[in-house]
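We name chains A, B, ... by the order of the sequence lines, and we start the count at 1 in each one.
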2 protein chains.
Amino acid sequence: MKTASGQPRRVEKKRPATGRVFGGSSGYAGARDGGLIYHRRGTAEAVHIKKEEATVSDTLFDRHRKTLEAAGAAIAKRDYFSAYPEIPSGKNYGETAKADGLAAFEARLDSRFEIDQPGTKGTAGQEVSPYGRPLGISYPRPDLDVLLPAAQAAIPAWAKASAETRVGIALEILKRLNARSFEIANAVMHTTGQGFMMAFQAGGPHAQDRALEAIAYAWQEMNRCPDKVTWQKKISKTDVVRLDKRFRNVPRGVAAVIGCSTFPTWNAYPGLFASLVTGNAVVVKPHPGAILPLAITVEVAREVIAEEGFDSNLLTLVADDPDAPVTKTLVTRPQIGIVDYTGSTEFGRWIEANASQAVVFTEKSGVNSMVIDSVDDIKAVTGNIAFTVSLYSGQMCTTSQNIFIPAGGIDAAGAHMSFDQVAEAIVGAVNWLLGDPKRAVEILGAIQNQETVKRIEQAKADGGEVLRESEAVANEAYPDARVRSPLILKTDASQERLFMREMFGPIVYLVATTGTDQSIELAARAAREHGAITCAIYSTDTGIIEKAEEEVFAAGVPLSCNLTGQIFVNQSAAFSDFHVSGANPSGNATLCDAAFVANRFRVLQSRIPAAVEAEAHAGV
Amino acid sequence: MKTASGQPRRVEKKRPATGRVFGGSSGYAGARDGGLIYHRRGTAEAVHIKKEEATVSDTLFDRHRKTLEAAGAAIAKRDYFSAYPEIPSGKNYGETAKADGLAAFEARLDSRFEIDQPGTKGTAGQEVSPYGRPLGISYPRPDLDVLLPAAQAAIPAWAKASAETRVGIALEILKRLNARSFEIANAVMHTTGQGFMMAFQAGGPHAQDRALEAIAYAWQEMNRCPDKVTWQKKISKTDVVRLDKRFRNVPRGVAAVIGCSTFPTWNAYPGLFASLVTGNAVVVKPHPGAILPLAITVEVAREVIAEEGFDSNLLTLVADDPDAPVTKTLVTRPQIGIVDYTGSTEFGRWIEANASQAVVFTEKSGVNSMVIDSVDDIKAVTGNIAFTVSLYSGQMCTTSQNIFIPAGGIDAAGAHMSFDQVAEAIVGAVNWLLGDPKRAVEILGAIQNQETVKRIEQAKADGGEVLRESEAVANEAYPDARVRSPLILKTDASQERLFMREMFGPIVYLVATTGTDQSIELAARAAREHGAITCAIYSTDTGIIEKAEEEVFAAGVPLSCNLTGQIFVNQSAAFSDFHVSGANPSGNATLCDAAFVANRFRVLQSRIPAAVEAEAHAGV
C-alpha cells in the first residue's frame, strides 16, 4: 500500500517547533521603525498581500522580538521589568505628546466615535466625566446577530496565521497604544475619575505592560507543542509503526472582554491580548461609564489588523448604556468561547454560573485587610497607609478597607502606643497628606459613581465612631468634580455587620481586636468569605509575619509586609506581582500566569502513516 | 527604619527555582529499589519523621527522577514513550504475577473492601460483572459531612511539602499500581466488560502512562515561578526600591474525580494525579458499576501516602449505588475546588453548569465519524475498520459510529467500487474478524450496561437497512457473559434522525452521501453539534485530506488518515496524542496539556522591603 500518496502537503508557514530560533525574513529591516514610512507601507497595499507571501508580519515580530524576549525572561524571574515608560515626560513621549494627547481627547468630545464594524443600529454612549461634564460621545450600538457572526468569520485566517504573525501584530498594537498614552490618559481620567498621573500610568504604560505580560505567557504556551513529529513504536522484533503527526493550535472562538468602570484598560488588556494572540476574535464590552479608553484601543487595534491584511472584525466594540445593558446577552451567546470579566462580585458570580459554554476568567472584588501588630517607625507606617487609603479615593480593588489594631495598643519602636494613638496617627497622616488641596485632588481623583458617594453616607449611618469625616474637596481646575476624601470609622471586632462586607470607596474601618491573633483571623476570614485581593501587615516580629503568611495564604490572599516609602499595598507590578490570586472569591484567575492563557486555545492533531513505512512495505 | 527585623525566616525546604538542578540528599541511595527493604523502611517510623528532616520523599523523587525526566522530554517532543510495559508477560511483571493478580482479584469477591477512612456509615456496592456474576463486594459508604472536612484537614501539610516530595510519592504510587496491573486488569475486565488483554493494557500500563503524563505536566507548571526574587526598581537617579518577594504554590482544595464505567482507571488517573501532585486532596467517586479498579487504586495510594508521613485522607473513596447516587451532591459542595468528570454528555453538562464553585474538566461523549473517499488497498482498510468497530463492542468514546461513503462509490487502487461493494467489504471484514469465536470474545469483550443491549434493538427499530445483525456471541469461559457483535446499518445522508445522534455501543451506520464533500461536512457538523473525539478519513488524494483537516479542525476534532495495520483510530497514545480536544461539545479539556494542570493550583506571594534597603537607609 502506498500511503505516501495520502500524505498531506506540508504547510510551510506554521509556527516554529519549540526551541527553534525565531525565524522569518527581514524584508523590512531597512525601514525605519514607526512613523510615516511604516504608515505608508501598511495601508491598502498590505491588505492585498496574500498571507502565504506575507513577510510583513514576520517583520513586525522581528521588530518587537527583543521586547517579547525581555518580557519572557521577566515573567520567569519575577524581577522588575517594564517595556513602556511610566513617566509622562516629553523625553519619553515627545515634546508635543502631552498637548497632542489632550487635543485628541478633546476632539472626541460631543461627537460620534466612528467604528467601521458591521451590524450597527443606532448609537450608545452616556458617559459623564466624574470631573463634571458629559462627554457627549456616541458610539455605534451593535446588533449582536450581525456582529458576532462577523467576528466569527474573521477567525479562520487569523487562526491559521503563525503565532509570530499574531504576536507581532499585537506588539505593534501595543506600541501604537503606547504612543497614544496621553490621549488614553485623558480618556481614562474623564471616565474613571482617576487623577491625571494615575490615569496616565495605570491607563497607559502599566496597562500596556500587563498586556505584554499576557502576550509573553501566550507566546510561551503556544510553543509548548511542536508542529510535527514522526512517532515510531516498535510493535515486534522486526516491525515498527511510524506515524507522521501534525499539531495545530486552534482558538476557542469569539472572546468577550467585559471592562470595568475604574480601570478600563488595565483590567481589560490582559484578557484582550491573550485571547487575540491565541487566535480568537475579541469583542470588547466596556462598562457603560468608561467606554472611551477601550473604544480608542479598538480603533488603534483595528487599524493595525487591517494594515496587516487581516479582517479588522477580529476586534470589535460593543457599547451599551446603563438602561439597556447587553452583557448578559453577550456572554451567554453560543459563539462566545471565552469571557474575561472585571467588576462586581454579584455580576461576576452570575457570569461564572451562566456562561457555562465558555471558559470564564473573573476578577471580582472583596474585603481587603491590613493588620497592625507592631512598628519601628509609626510615621513611616502611617504615611504609607494614608497614601494607600487616599489614592483614587479608595476606588482600587486593592485598597485596604479594614485596619485591624489590637484594642490594647501596639509596640512602636519600644514605646507603647494605645489603639487611639495609632488611630490618631493614621487620621493625622491622612489629614497631612490631603492638607494641600492641589496635592489632595491629584491623589484623590474623583468619585466614578454617584453610588459610591451614597455609600459614604450609608457607612456613617450604619454605625461606628467617626474619626475622620469624608469631605468634598474643591478641585480648582474642575469645579464640578465629585471629590471625596476618606471617611475613617472606629469600631471593634464584635461589629462584623459593619466591616465584614465590601464598602467600596473611601471608607476605612479601624477595628479594635483582642490582639494580632484575632486581627489575622478576621483578615483571613474576610478573604475566605468575601474574597480579598490584598492583605498587608506591619510587624517587627518575624514569627508573627510567618504566622500571618500561613493564615492569609490559606485564605488565598497575597501578603505585603511592612511597606513604607514609595511602595504601597494597592500597587501590583506587571511581570512580578500576580494580581488576584484566583484562590478566593475575589476572582478565579490571576494576571498573569500560564493558566490565564493556556486554555484560550486548544491543540488539534492529524496523524497519517509515515512515508518511510510505506516504502518499507513496498520493499517487502 | 530597620525593616530587616521584619523579614521572615527563610523556609529552606521549598521547591527549587526554575531551572535548578534537582536537589535533595540521597540518604537512601544504598537501599534497594522496591521490595521488602522499601516496605520495611516506609511504615510506622516514617510517620514520625518530621517533614523538615524528611529525606524520605527526596529519595522517592530521586528514585523516580529518570522516569519523570523522560516523560517530560516526551511531552515536549510528542514522540513515542511508555514507562510501563504493555505486554502482560512474566518477563515484565514476574512469572507469578498473572496468577497472583487473579488470586488477589478473586480474594476481593464476596467480601468487604475495607478502607480506613473517616465518616463511614454503612456500605455501598452492587457491581455485576458483564461476564455474568455479581462481584459481591461492599465498600464503605461515606458521610460527606465527615469525609470532606477530613480531606480538607489533610491538605495543609501536603500543600507545604515540596513539589519533589509530592511528585516522588505520586510516582511511587504509580510504580506500585504497575506491580498490581494483573489484579487491576481483572478488576477492570469484570466491571467494564473489556477483554482481558485490553483490560490489562488500558486499565494498567496505559492508564499509568496517562497518569505519568499528567504528573510530568504538573511538575513543569509547578516550577514555572521561582521561590523568591529580590525585586529592584529605580525610582529616581539615586533611589532604588528593593522588595524581597516569595512565591508559593497553593492548591485549590478538595478535588473530586468522577469515574466512568468503561475506562475507570484510564480516564480517572490523569485528573487524580494532576490534582494530587499540585497539593490538593482528592476524593474519588467511581461509577457505581466500576468501583473496584479505583478502590484498589485508592488503597495503594493511601498506603504510600501514610508511609511517607502524610495524612492518607488526601485520597479517599466515595462509593455509591445506582439507586442512591451522590455525584451531584458531591461536586457542588463548597469544599470542592476541582472536578474531573468522564461520562455522559447530559451529566457532564449538568456539572459544567452547576459546579460553578470549582474548576471543571470534562470528557463527555459524541458522534465520531469516518470518511471513505478512496483507497489503495480495500482489504487493508476494511480490516482496520473491522477491528475499530468491533473492539470492546464499540464502547470506546473513540469508536467511529458513522462511516460516510459516496453513494456513487469510490476509487480503489484505480478500480471503481460501488457503495454496496464497499459496504460488503466492511461487513465481510467484520465477519472474518469475528469468525473465530475465541478471538471474537477477546476483541468484543462484554457489554458493560444492559442499556447498551437495548440500544441495539432500538437502532434496528428506528430504521436503516440491516447489513449485519448484532449477535450474541458465546463465551466459553463465561457462559453468562453479555456479548454482542456490531450491528451494521445502511442509510443515507437524508436520514439525520438516525445517525446524527450518539448511539453508544456496537452500532455502525454506513451513510451514503452525495460525495466526499458532503461526507466531510456531515462529519464536521456532527462534531460541532454533538461533539466528537475522533475522526478518520481514507483518501489517496492529498488535497482531500488537506480539506478534511481544515474542516474537521474547524469543528475541533483531531484527524486520523489512512490508518491500516496495527494502528486504529480509537487508540490514543499517552505523551503524543491529545485525547479529547476540548474544542467541541465532547469535553472542555484534554489529556494532557498545560491547561489541564496549570489551574489546579494558584501562586501566592508575600513581599517585604529587602534587608539591603534597610541597611542603606541606616547608613543615611
Please state whether the side chain, the backbone, both or neither of [X] comes within less than 4.5 Å of a heavy atom of chain A.
X: B/Glu221; result: side chain
X: B/Ala548; result: neither
X: B/Asp577; result: both
X: B/Glu86; result: side chain
X: B/Arg78; result: both
X: B/Val375; result: neither

Could you go through the side-chain contact (heavy atoms from CB on, under 4.5 Å) check for A/Gln357 and B/Arg349 one step at a time? CA-CA 9 Å; A/Gln357 89 291 350; B/Arg349 281 197 191 135; over 6 Å; no
Take B/Val240 and A/Tyr80, measure what side-chain contact (heavy atoms from CB on, under 4.5 Å) needs, and give me the verdict at the end. CA-CA 11 Å; B/Val240 175; A/Tyr80 176 76; over 6 Å; no
Count the heavy-atom pairs under 4.5 Å between each of A/Leu559, A/Val569, A/Val552 and chain B, then report the option with the highest count.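 The option with the most such pairs is A/Leu559.
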Choice from A/Val250, A/Ile155, A/Ile567, A/Asn588 maximising heavy atom contacts with chain B below 4.5 Å: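 Greatest number of close heavy-atom pairs with chain B: A/Ile567.
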[atom1]-[atom2] distance between [X] and [Y], expressed to the nearest 0.5 angstrom:
X: B/Cys535; Y: A/Leu604; atom1: SG; atom2: CG; answer: 11.0 Å
X: B/Arg246; Y: A/Cys561; atom1: CZ; atom2: SG; answer: 8.0 Å
X: A/Gln605; Y: B/Ser581; atom1: CD; atom2: OG; answer: 10.0 Å
X: A/Glu549; Y: B/Ile608; atom1: CD; atom2: CD1; answer: 9.0 Å
X: A/Thr590; Y: B/Asn599; atom1: OG1; atom2: CG; answer: 10.0 Å

Does any non-hydrogen side-chain atom of A/Leu563 lie less than 4.5 Å from one of B/Leu243?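 Yes. Closest side-chain heavy atoms under 4.5 Å.
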Given heavy-atom pairs under 4.5 angstrom as the criterion, report whether the side chain, backbone, both or neither of A/Lys77 touches chain B.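 The backbone, not the side chain.
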Please classify the contact of A/Ala589 with chain B as side chain, backbone, both or neither, using a heavy-atom distance under 4.5 Å.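 The backbone, not the side chain.
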Looking at [X] and [Y], what are the two nearest heavy atoms and their distance?
X: A/Ser576; Y: B/Lys245; value: OG-NZ, 2.9 Å
X: A/Ala76; Y: B/Pro226; value: O-CD, 3.1 Å
X: A/Arg602; Y: B/Ala583; value: CG-CB, 3.7 Å
X: B/Ala573; Y: A/Trp231; value: CB-CZ2, 3.7 Å
X: A/Cys225; Y: B/Phe578; value: SG-CE1, 3.8 Å

Within a reach of under 6.0 Å around NZ of B/Lys547, are more than 12 heavy atoms found that belong to other residues, nucleotides or ligands?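 Result for NZ/B/Lys547: enclosed.
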For B/Gln232, does the CD atom sit with more than 12 other heavy atoms under 6.0 Å from it, leaving out its own atoms?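 Correct, the count exceeds 12.
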Using salt bridge (Lys or Arg N to Asp or Glu O under 4.0 Å), reason through B/Asp593 and A/Arg224 one step at a time and then give a plain yes or no. CA-CA 9 Å; B/Asp593 63 5; A/Arg224 301 258 329 242; over 6 Å; no
Which is it for A/Ser560 and B/Arg607 under the side-chain hydrogen bond (donor to acceptor under 3.5 Å, both in side chains) test, yes or no, and what are the steps along the way? CA-CA 5 Å; A/Ser560 294; B/Arg607 51 186 187 177; 2.8 Å; yes
Which one wins on heavy-atom pair count under 4.5 Å against chain A: B/Pro156, B/Ala554, B/Gly556?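 Most heavy-atom pairs within the cutoff with chain A belong to B/Gly556.
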